[in-house]
Asker: 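The structure that follows is given in the form of structure tokens.
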Amino acid sequence: MSELHDHLTPNSADDLIPAVHAIAQGEARIATVGALFESNDGQVTIQQEIRTQTLPDENSVDRDLYSAPPWYVFPPEWRQAYTTVVDALPDSRVIIVVAPRGYGSTTFSLRLLARETVSSVELVRLEADWSAPKVGRLPCRQNIAYQLDLQDSENDRFDISFIDNLAGHSRRLRELGSYLVLSVAENLWTDHGASVPIGVTKVHLTTPPKALEVVESHLRYRDQGHLIPCVNSSEAQEQLSGHNVIEAVRAVETVIQVWEDYKRQASSQKLEEAEAAQKSGSVVSYIQADIDTALDNWQDKLNSFFGTGKTDTEILSVQDRCLLLALSLRQQGAAGDIQSDARALEDLIKTDGSGNGKRKESAYAMFSGPGLRPRMTALGATIDRRDHVTHKQTGFGEAALLYVWENYEGMRDLLIKWMVGRAKLERQGQDPAIMALIRLLLRTQASDRLSVVRDEALAQNRPQLIVHVMAECSRDEHMGRRTRALLYDWADQRSEKAQRVVIHVCRAILADNYDVALVRLCRIADLPASPQVQREVLSEFREIAKDPTAAAMLMNRVVGLQRKGQIPASSKLAMLALMDAEHEGLPWLLTYNHPDIDVMDGLRELLADLKFLADTVPPLIRWFKSCAHDRQLSVRLLKVVADALRQHRDVATWLRLIKDLDVITMSDGSPVSNQLGVMLFGDAPIATVPVEPADA
């Protein structure tokens with residue numbers, strides 16, 4: 001007790017941090033914190049407080065890729081900041097890079113670490129799930145270069161103590177040969193206005209890379225260099241002027257889309273000419289006008305449509321505004337379908353989204369207005385004799401949706417409800433309504449509206465839509481972190497529908513990020529809304545276990561928890577799933593070489609838990625069958641099974657397992673069940689064995 005007392009009698013709360021980090025270095029979590037008080041008679045009272053602390057997710061970064069990113073533009077204005085950091089790195093192991101969102105501070109930070117740290121240092125990008133940054137929750141391991149974004153106005157806002165405590169964190173990192181670079185959004189730093197302590201260096205990126213250079217570098221990187229002359233026209237350069245990096249990369253997508261649209265719609269002769277021009281790098285004459293139009297932000301035209309421009313001659317009625325958004329949603333399709341989309345939006349607006357009202361309009365009022373074809377034509381669409389509509393104005397549709405989103409805040413949830421309802425789920429990967437919704441969410445970085453999308457999708461019995469939306473948003477470089485954090489929050493909700501959404505999203509993103517998916521699946525396994533949901537997680541684990549790489553990651557999850565003496569439900573489900581995996585005809589768990597995993601201990605825990613026994617017995621039977629030729633391995637399994645069964649002393653379980661094993665013989669010809677019976681009951685006949693009641 002004296003040793004513990006020596007460590008926990010600091011002069012201030014900040015003195016506790018080194019002890020916390022000593023534990024964090026071993027990848028432990030702080031599960032219990034106690035406040036100690038010594039009374040006059042010398043007795044010590046401990047008031048226990050239970051807290052759950054989780055360290056940020058760690059994602060490895062390819063050092064070679066970021067040491068010389070082929071798409072990267074390094075402005076000359078950043079050289080001084082870069083030099084300042086390089087000079088400070090030996091002593092300042094915490095670097096703060098402040099920049100407005102969209103300037104590229106994350107890539108700046110990763111490139112810095114990849115180029116200026118030795119190759120033996122591992123690059124890791126952190127993703128934190130917190131309501132506010134805490135130094136005590138930052139990992140601190142040896143030979144690691146960490147990068148962490150603090151960009152979210154809601155969850156990444158820090159206080160003065162966070163900055164002050166970075167000094168101690170920097171010392172610990174230096175002792176371990178590690179680094180941390182924080183990429184901080186300018187508004188968070190401006191709001192804070194703090195100076196930095198010794199051991200911490202701050203630099204400010206005040207100028208973004210030139211948008212035209214970013215566009216050109218990304219076009220070259222994507223083997224689309226023949227399109228570079230198209231963005232060098234005076235009109236295109238004017239449209240790109242002032243774009244940040246995110247907007248410039250979106251412009252790259254627009255330019256490529258214009259070229260792909262041209263090739264798809266061109267006649268065979270024109271297509272042949274265009275492809276020849278592509279090889280010679282002279283496609284300007286084919287698509288320059290379309291490029292200039294597509295890069296336009298359409299503000300003047302949209303202002304006139306919505307009555308905010310200099311002239312009001314083109315102000316649209318509500319009906320035509322709905323028709324404009326319907327055209328923007330699909331771009332092309334049957335006229336009747338587009339009109340149906342427009343009327344659905346009108347209904348939502350008239351009922352304020354309640355869904356209780358129906359569209360009421362007299363035939364006279366409807367007939368007195370302009371017809372459908374003239375209205376579509378006035379909005380820039382063409383319609384053929386078969387009523388097929390094409391709204392061929394690349395970029396305008398997205399701009400129109402964005403315009404309404406930004407200028408009519410009260411319409412946002414109604415727009416989401418409408419877009420969810422109009423999506424065609426049978427082709428969700430290509431459906432324009434779903435893709436328009438995703439682009440709108442990414443363009444506006446509207447992570448706060450993802451819960452609205454989920455609720456609308458579930459209310460309209462369209463769960464696969466929110467799965468597709470969440471999977472795409474989680475992959476986005478700028479919105480991905482907030483999306484993945486939201487998935488973690490949903491995993492915590494005791495709602496079958498919400499947890500099932502998370503399960504399906506994890507399935508969709510598993511190949512992209514095993515760690516993220518596993519953490520969220522394990523969260524549901526430990527806090528399931530129902531036994532059925534927990535079984536669905538087990539089903540996902542079994543799918544994961546079929547892939548050797550994924551199985552190893554699942555195993556690492558079990559290893560990590562075993563080190564801490566924790567065997568939660570997720571660990572048991574992982575063991576169950578891994579029991580099905582095989583390697584060269586033998587159980588994979590028994591052939592997998594990992595010095596830290598105790599397979600037998602995990603199996604013992606499963607057999608001792610009645611909730612999982614029914615699922616444990618079938619794979620265990622298969623284990624005995626596959627190991628029957630190896631007496632040493634069979635006896636080892638028998639000892640573990642016998643030890644586990646003694647722990648809960650449920651005779652019904654004993655007899656059931658013995659019966660199931662009755663058909664399996666060991667290498668000497670004796671039934672496995674006999675051997676198990678001897679281990680459990682000795683030489684006495686089973687009928688005479690005294691039975692103790694099972695534990696409650």
Side-chain angles (χ1 to χ4, degrees), residues 10-25 27-30 33 49 51-59 81 84-85 88-89 91-101 103 105-106 108-110 112-113 124-141 144-176 178-205 481-482 484-485 488-489:
N11 295 324
S12 70
D14 290 342
D15 293 333
L16 278 170
I17 293 175
V20 172
H21 274 274
I23 300 173
Q25 290 168 25
E27 299 183 1
R29 301 294 191 269
I30 311 300
V33 177
E49 178 185 353
R51 301 178 187 174
T52 301
Q53 294 272 353
T54 56
L55 300 181
D57 293 338
E58 298 186 11
N59 302 299
T84 298
V85 173
L89 271 181
D91 296 316
S92 294
R93 293 307 178 93
V94 175
I95 304 297
I96 298 175
V97 179
V98 180
R101 291 184 181 86
Y103 271 36
S105 61
T106 298
F108 174 92
S109 302
L110 291 171
L112 168 76
L113 291 172
V124 170
R125 189 173 181 186
L126 300 175
E127 290 191 10
D129 175 38
W130 51 29
S131 57
K134 302 292 183 185
V135 171
R137 290 183 61 182
L138 295 174
C140 195
R141 295 190 291 120
I144 306 288
Y146 299 103
Q147 188 275 331
L148 172 64
D149 284 339
L150 297 180
Q151 303 282 325
D152 190 285
S153 298
E154 182 177 349
N155 296 318
D156 290 338
R157 198 171 295 279
F158 46 84
D159 55 20
I160 294 176
S161 64
F162 175 77
I163 300 297
D164 291 342
N165 289 334
L166 286 174
H169 191 66
S170 179
R171 290 194 302 271
R172 288 183 287 277
L173 289 171
R174 187 168 61 251
E175 291 167 0
L176 294 168
S178 297
Y179 307 82
L180 169 65
V181 177
L182 300 173
S183 303
V184 181
E186 186 177 55
N187 71 302
L188 295 182
W189 190 263
T190 302
D191 292 348
H192 185 256
S195 57
V196 296
I198 296 174
V200 179
T201 296
K202 177 185 74 73
V203 293
H204 204 136
L205 307 180
R481 178 195 162 201
R482 281 170 283 167
R484 294 187 289 268
Y488 192 88
D489 292 340

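Computed from a prediction, not measured in an experiment: that's the story for all the values here. Position 1 is the first residue of the sequence, and the numbers go up from there. Reckoned from all heavy atoms, side chains included, excluding hydrogens, waters and symmetry mates.
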Asker: Could you state the interatomic distance from CG (Asp156) to CG (Leu148), rounded to the nearest 0.5 Å?
Answerer: 7.0 Å

Asker: Run the side chain to side chain contact (heavy atoms under 4.5 Å, CB included) test on Arg172 and Leu138 for me, step by step, so that the C-alpha distance in whole Å, both residues' side-chain angles and the decisive distance to 0.1 Å come before the verdict.
Answerer: CA-CA 11 Å; Arg172 288 183 287 277; Leu138 295 174; over 6 Å; no

Asker: Could you go through Tyr103 and Glu186, starting from their C-alpha distance and side-chain angles, then the distance that decides it, and tell me whether this counts as side chain to side chain contact (heavy atoms under 4.5 Å, CB included)?
Answerer: CA-CA 10 Å; Tyr103 271 36; Glu186 186 177 55; over 6 Å; no

Asker: If the condition is side-chain contact (heavy atoms from CB on, under 4.5 Å), which residues does Ala145 pass it with, not counting sequence neighbours?
Answerer: Leu113, Val121, Leu123, Tyr179

Asker: Take Leu182 and Phe162 through the side chain to side chain contact (heavy atoms under 4.5 Å, CB included) test and state the conclusion after the steps.
Answerer: CA-CA 12 Å; Leu182 300 173; Phe162 175 77; 4.2 Å; yes

Asker: Rounded to the nearest 0.5 Å, what separation is found between the CZ atom of Arg157 and the OG atom of Ser131?
Answerer: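 Nearest 0.5 Å value for the CZ-OG distance: 13.0 Å.
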
Asker: Could you list the residues that satisfy side-chain contact (heavy atoms from CB on, under 4.5 Å) with Arg101, not counting sequence neighbours?
Answerer: Gln151, Ser153, Ala185, Asn187

Asker: Holding to side chain to side chain donor-acceptor pair (under 3.5 Å), I want the full list of residues that pass it with Ser92, two or more places apart in sequence or in another chain.
Answerer: Thr201

Asker: Please identify each residue that fulfils side-chain contact (heavy atoms from CB on, under 4.5 Å) with Asp91, with sequence neighbours left out.
Answerer: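 Counting only residues at least two positions away or on another chain, Asp91 forms no side-chain contact (heavy atoms from CB on, under 4.5 Å).
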
Asker: Of all residues at least two apart in sequence or in a different chain, which pass the side chain to side chain donor-acceptor pair (under 3.5 Å) check with Arg93?
Answerer: none

Asker: Out of curiosity, Ile160 CD1 to Asn165 CG, how far, rounded to the nearest 0.5 Å?
Answerer: 11.5 Å

Asker: Ser109: which residues meet the side-chain contact (heavy atoms from CB on, under 4.5 Å) condition with it, sequence neighbours left out?
Answerer: Val97, Gln147, Val181, Ser183

Asker: Side chain to side chain contact (heavy atoms under 4.5 Å, CB included), that's the test. Do Ile96 and Leu166 meet it? Break it down for me.
Answerer: CA-CA 10 Å; Ile96 298 175; Leu166 286 174; 4.2 Å; yes

Asker: Please identify each residue that fulfils salt bridge (charged side-chain N to carboxylate O under 4.0 Å, His left out) with Arg125, with sequence neighbours left out.
Answerer: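 By the salt bridge (charged side-chain N to carboxylate O under 4.0 Å, His left out) rule, Arg125 matches Asp149.
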
Asker: What residues, two or more places apart in sequence or in another chain, satisfy salt bridge (charged side-chain N to carboxylate O under 4.0 Å, His left out) together with Arg482?
Answerer: Asp152

